[in-house]
Amino acid sequence: MGRRNSPRDRRPQRRKSVTHAHGESGRAGAFRCAQCRLLVPADAPGTAHRNHCPHCLTSLHVDRSTPGDRAAGCRGRMAALGLTTRSDGEWLVVHRCVRCAELSANRVAGDDTPARWYAWRCGPWRPPPSRSGCRSSPDRAPVRRSAATAGPADGARSRRAAHPGRVRWAPTVPHRGTRRPRTL
Amino acid sequence: MSSTEPNPATFTCVRCGLAVRGFGPDGDPRDHCPSCLSSRHVVDQTGGTARCGGRMTPISVAVQRGGAWLLVHRCVLCDEMSEGPVASDDNHLVLMGIAVRPLAAPPFPLDLLGEV
Ligand SMILES: [Zn+2]
Ligand SMILES: [Zn+2]
Ligand SMILES: [Zn+2]
Ligand SMILES: [Zn+2]
């Protein structure tokens with residue numbers, strides 16, 4: 001063993017099939033996360049286009065319509081908004097650009113932090129709205145480990161029991177990027 | 001609400017045919033059917049009028065930092081996505097179904113959550 005296995009000799013090779021030539025692509029195609037500054041290798045298990053940080057799931061607004069097309073000039077930070085699934089069951093992360101509010105959905109990679117995904121899914125596990133209106137509540141606390149380790153239903157119940165006062169359901173909080181409502 | 005935008009008092013849902021009042025119980029204009037949560041692609045991402053007119057399927061429920069819920073739609077014709085607030089009389093079962101659908105087929109073993 002010895003020299004052959006030293007980290008210096010094991011620099012990951014750039015994948016020949018992927019021809020990203022955008023600016024943030026540095027050594028071996030790795031990029032620096034715009035949010036948490038993690039150095040993210042370009043190779044991602046399960047997807048050809050790693051476009052978000054596996055730790056905080058933040059992305060950069062560089063693609064317009066097709067993942068990897070690098071056609072958007074915005075370059076704003078794209079924060080993870082939620083999760084969705086395709087009809088074949090594959091998970092997608094919904095991103096929203098903090099600069100231009102455009103939305104996009106991207107496949108999760110095999111090494112994305114599972115707890116982050118789950119934390120979002122825990123978010124909606126809260127009591128349904130009462131028609132009498134919303135009770136006020138403090139800001140949401142991060143999902144605790146105990147809730148994240150329990151099953152979905154158990155997590156929901158324990159969160160609910162632990163925070164009976166946190167019954168905020170509301171369409172009322174405006175956010176950047178709210179567009180005019182669509183009429184049908 | 002822009003004065004140039006027509007906001008009919010009622011509209012018919014393109015998916016389930018429900019006749020829906022243009023404003024929700026809180027007085028906010030609706031952008032989707034409260035029963036099936038479907039919408040129509042008539043406003044583009046910049047807020048202008050979209051020519052597409054396709055049906056928009058609800059694909060994701062997102063929770064804002066303040067606790068408010070957002071519903072994310074994707075157009076079945078052109079794949080454009082949009083977001084809008086959840087109204088208090090939106091169908092809870094459909095909302096919950098969208099919210100938990102990813103958990104029905106997690107791409108990783110759920111025990112992994114204990115190790116992170
Ligand atoms: Zn990151
Ligand atoms: Zn952008
Ligand atoms: Zn409907
Ligand atoms: Zn469309």
Side-chain angles (χ1 to χ4, degrees), chain A residues 46 65 80-85 89-92 94 96 100-105 108 110 112-118 120-126 128-131 133-134 137-140 145 148-152 166-175 177-184, chain B residues 1-2 5-8 11-14 20 22 24-26 28-33 39-43 45-47 59-70 72 74 79 81-89 92 95-96 99-103 105-108 110 112-114 116:
Chain A
S65 50
L81 185 69
L83 281 179
T84 183
T85 49
E90 188 156 41
W91 281 30
L92 304 169
V94 179
R96 180 169 64 206
C100 71
E102 193 165 308
L103 299 171
S104 72
V108 298
D112 285 348
T113 309
R116 297 265 168 183
W117 306 344
Y118 191 72
W120 289 332
R121 280 297 119 247
C122 273
W125 287 105
R126 46 188 61 238
S130 63
R131 280 166 198 262
C134 306
S137 70
D139 211 352
R140 230 155 51 83
R145 189 187 172 90
T149 48
R166 196 185 293 153
V167 230
R168 170 68 185 248
W169 162 291
T172 49
V173 178
H175 59 87
T178 303
R179 291 180 301 281
R180 279 193 293 152
R182 296 183 300 274
T183 49
L184 299 198
Chain B
M1 192 79 226
S2 159
E5 186 176 337
N7 192 69
F11 58 81
T12 306
C13 173
V14 285
V20 183
D26 311 317
D28 304 316
R30 288 188 198 275
D31 69 349
H32 57 261
C33 167
S39 183
R40 242 188 100 206
H41 192 188
V42 291
V43 174
Q45 293 231 346
T46 58
I59 60 164
S60 181
V61 172
V63 183
Q64 295 291 92
R65 184 156 299 167
W69 284 31
L70 278 179
V72 180
R74 180 157 54 198
D79 267 358
M81 294 165 65
S82 74
E83 59 186 296
V86 165
S88 56
D89 63 344
H92 302 165
L95 270 180
M96 281 298 180
V100 304
R101 197 165 46 197
L103 280 179
F108 58 90
L110 282 175
L112 259 183
L113 293 164
V116 184

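- No donor-acceptor pair under 3.5 Å is formed between the side chain of S60(B) and the backbone N or O of G82(A).
- The line from OG1 of T84(A) to CZ of R101(B) is 5.0 Å long, rounded to the nearest 0.5 Å.
- Taking all atoms of both residues into account, the shortest heavy-atom contact from E83(B) to A101(A) is OE2-O, 4.2 Å.
- Here CE of M81(B) is found 8.0 Å from CG of L81(A). Values are rounded to the nearest 0.5 Å.
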